[in-house]
Protein chains: 2
Amino acid sequence: MKTGAVNLAGTGQSQDKAAAREKPAVRSIADLARIAGVSVSTVSRALTGKGTLNDKTRERVRALAEEHDFRLNVAAQNLRLGRTGAIGVLLPLGHERGQQLSEPFFSAMLGHLADELAARGFDLLLSRVLPGRDCWLDDFVRSGRTDGVIVIGQSDQSAVLDEVAGHYRNMVVWGAHDPAQAYVTVGSDNVAGGALAARHLLGRGRRKLAFFGHHPAPEFVAREQGFLAALPEDLRDAVQSVPAHLTPEESYAAASAYFEAGNRPDGVFAASDIIAMSVLAAAAEHGVSVPADLSVIGFDDILLARIATPPLTTVRQDIAEGARLLVDLLQRRMAGEEDVASVQLEPALIERESS
Amino acid sequence: MKTGAVNLAGTGQSQDKAAAREKPAVRSIADLARIAGVSVSTVSRALTGKGTLNDKTRERVRALAEEHDFRLNVAAQNLRLGRTGAIGVLLPLGHERGQQLSEPFFSAMLGHLADELAARGFDLLLSRVLPGRDCWLDDFVRSGRTDGVIVIGQSDQSAVLDEVAGHYRNMVVWGAHDPAQAYVTVGSDNVAGGALAARHLLGRGRRKLAFFGHHPAPEFVAREQGFLAALPEDLRDAVQSVPAHLTPEESYAAASAYFEAGNRPDGVFAASDIIAMSVLAAAAEHGVSVPADLSVIGFDDILLARIATPPLTTVRQDIAEGARLLVDLLQRRMAGEEDVASVQLEPALIERESS
DNA sequence: CTGTTAGCGCTTTCAG
DNA sequence: CTGAAAGCGCTAACAG
């Protein structure tokens, strides 16, 4: 045990063993059937509400179940019904190690997915995978632990996704759409988002531009491409493209080194709000005034963007809508629908004080 | 479909139905046993590695399984073994609605729990619960969907936790320890953390103090109490206690209104880093210079604290260690160990530029 | 070393 | 309206 941790006395002992002993534990519908003097099928019908049953019998069995604190075993129920009642949410950590889940975008998405799935009666099985071997996804879907999977972010795994999509229907991916893909995606139009950022900086009269967040993940590549493509040629060629990792710590280090080296752009498009906030921090530290000397625009519109100093102008992704669509398309695929098409969300410009 | 979403053509059709048709799908060990010309138990032994088996037979069966892309059905395996292989992580949203999962503290905790559980071979079943009825926890544990539960935050549910702890062993709670609790907890010493903040502000010569984040959750109550208790009496009585919600939006609104009303403290202790960052933003907007005119100290040390403007002084909770301990204690309870004691983590002061 | 068999706890025909 | 019985896919005695 590490220093700073201290053991406490209480051991959380069971308080009412006596009460528990009064009634023998009822662990299965067979136990309850015995007590009720009916068959297991009657108990099943009473508790699931399926099938036809005398109202009195149903009530009697239900009362007994209540009295003995009995609930149907969901796992057994699911096995019998040939389902699991759970959807897997997979986070491939292809490019980035570290606390990927702490990335505000991911946690917001996860929260919305949790709500959306719960609303439809599914459990959410969370799995962060380090795609070491190519069969991580295949292993997962074949293990039968979930009825379907939502993969968040293609990372560098589109080949794997394609392969699995060939034999597994119940999968939807958050990420960029590509006509060549065999899998269904929901994602933002990152190219359009990049263009939005470019036009906004141009509109502010900025001409000495930098892009922060050069990164191999397809989402980031698209944001950069969209940004560059929307710029007049002379400006485009002069854009500085700064590689940055996605964690606050690393992106701050990159931004700080950048200003330290004497670079003084008048407009920065950052590939994520976290990176943008790092730029804000590094700029402040180097005496660069935002937005007077420098306009900064981010991407995502995380909850924190509005409490950045100054509040962050950004390109907004509608994560709630994305989550809703992911679950929706997944359910339609699970229902056997054939023509479930990928969806692309239009990002929107949110103007605040950093630009 | 909302405006801004656009349907794309690709339908993610299966590419290689031909390949799939070559071999009849192998869906169970019975299928594989038939193909291999052995019994189901032999297949089971070959694939699980349990029991004793001729090396040649084992290899042959494994090769066949590989060839037919067959994996054991984990759900059936678990039913038979009387377990589920999953741990439930429950977030009771007693006091706060909204995107609780986006709270950086929660997502960091969740990320660490995911890693810790995966390392021990457990799936993580995520469930956000709105404790409307008192039986939410009982329903969950009795449904048999998981082998144990980790509850993050007691919220206002300690009565429910106590009740369930009376008959269910496999539960550990992140939160404040109280000798009266029947359940095992892991948590930070929030009182000590509050005292750390108080002494730090005092050491900076601050005397006109405010506490941001007056809130009914026990963690927040303890932080405030610890803060007040460590102050000399005359200062303590003058502390302004400002209620604040936990989301960036709401806490910013509270902070902004506070400065707008003309309040000018010289030291602020915020009950979370998010609230502290809101105070930073509101202060900047009202021309209050940090740290010249005002020292701000937060609580948590989220990843973003270091890219706040200015970088945030804060009281650090060791979330990774907390997650490790939660899983550790849970496993020990699951193993039947009787004397599993609650643990309290010592928080640490992290000095940066906001104070 | 390997096969037979009896379930894990549940649902669902099929009879009565 | 209710019961008997088969079986979801797997494991583990128990025999051989």
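The chains referred to below are lettered A, B, ... by the order of the sequence lines, with proteins before strands, and numbering in each begins at 1. Note that this is a predicted model, so its numbers are computed, not measured. All heavy atoms count here, side chains included; hydrogens, waters and symmetry mates do not.
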Please work out which residues in residues 75-82 of chain B have a non-hydrogen atom less than 4.0 Å from an atom of DNA chain C and list them by number.
->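 Nucleic-acid contacts, sorted: B/L79, B/R80.
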When the distance from [atom1] of [X] to [atom2] of [N] is rounded to whole Å, what number comes out?
X	N	atom1	atom2	answer
B/R83	C/dG9	CZ	P	15 Å
A/D31	C/dC8	CG	P	10 Å
A/R145	D/dG9	CZ	P	18 Å
B/N73	C/dC8	CG	P	18 Å
B/R71	D/dC10	CZ	P	13 Å
A/I29	D/dG3	CD1	P	12 Å

What pairs of residues pass the salt bridge (Lys or Arg N to Asp or Glu O under 4.0 Å) test when at least one of them lies in residues 32-41 of chain A, not counting sequence neighbours?
->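 For residues 32-41 of chain A: A/D31-A/R34.
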Pairs in or reaching into residues 35-56 of chain B: which pass salt bridge (Lys or Arg N to Asp or Glu O under 4.0 Å), with residues at least two apart or in two chains?
->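 Matches after skipping sequence neighbours: none remain.
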Angle by which the axis turns from one end of the helix from C/dC1-D/dG16 to C/dG16-D/dC1 to the other, five pairs per end, to 10 degrees |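 Inter-axis angle at the termini of the helix from C/dC1-D/dG16 to C/dG16-D/dC1: 40°.
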If you draw a 6.0 Å radius around [atom1] in [X], do more than 12 non-hydrogen atoms from other residues or ligands fall strictly inside?
X	atom1	answer
B/D134	CG	no
A/R120	CZ	yes
B/N54	CG	yes

Pick one: which of A/V164, A/L125, A/V151 meets side chain to side chain contact (heavy atoms under 4.5 Å, CB included) with A/F140?
->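 Answer to the side chain to side chain contact (heavy atoms under 4.5 Å, CB included) test with A/F140 among A/V164, A/L125, A/V151: A/L125.
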Do A/T84 and A/D147 have side-chain atoms, one donor and one acceptor, less than 3.5 Å apart?
->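 Yes, a side-chain donor-acceptor pair sits under 3.5 Å.
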Polar contact flag, side-chain donor to acceptor under 3.5 angstrom, A/N170-A/R333 =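 No, no side-chain donor-acceptor contact under 3.5 Å.
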Taking N or O atoms only and anything under 3.5 Å, show me the protein contacts with nucleotides 2-5 of chain C, one pair per line.
{"residue": "C/dT2", "atom": "OP1", "partner": "B/T57", "partner atom": "OG1", "Å": "2.8"}
{"residue": "C/dT2", "atom": "OP2", "partner": "B/N54", "partner atom": "N", "Å": "2.8"}
{"residue": "C/dT2", "atom": "OP2", "partner": "B/T57", "partner atom": "OG1", "Å": "3.2"}
{"residue": "C/dG3", "atom": "OP2", "partner": "B/S39", "partner atom": "N", "Å": "2.9"}
{"residue": "C/dG3", "atom": "OP2", "partner": "B/S39", "partner atom": "OG", "Å": "3.1"}
{"residue": "C/dG3", "atom": "OP2", "partner": "B/T42", "partner atom": "OG1", "Å": "2.5"}
{"residue": "C/dG3", "atom": "N7", "partner": "B/S41", "partner atom": "OG", "Å": "3.3"}
{"residue": "C/dG3", "atom": "N7", "partner": "B/R45", "partner atom": "NH2", "Å": "2.8"}
{"residue": "C/dG3", "atom": "O6", "partner": "B/R45", "partner atom": "NH1", "Å": "3.4"}
{"residue": "C/dG3", "atom": "O6", "partner": "B/R45", "partner atom": "NH2", "Å": "3.3"}
{"residue": "C/dT4", "atom": "O4", "partner": "B/S41", "partner atom": "OG", "Å": "3.3"}

Please confirm whether the backbone N or O of A/Q154 pairs with a side-chain atom of A/Q157, one donor and one acceptor, at under 3.5 Å?
->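 No; zero donor-acceptor contacts below 3.5 Å.
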Heavy-atom nearest pair, B/G148 first then B/Y168, reads CA-OH, 3.4 Å
Identify, with sequence neighbours excluded, every residue that meets salt bridge (Lys or Arg N to Asp or Glu O under 4.0 Å) alongside A/E337.
-> A/R332
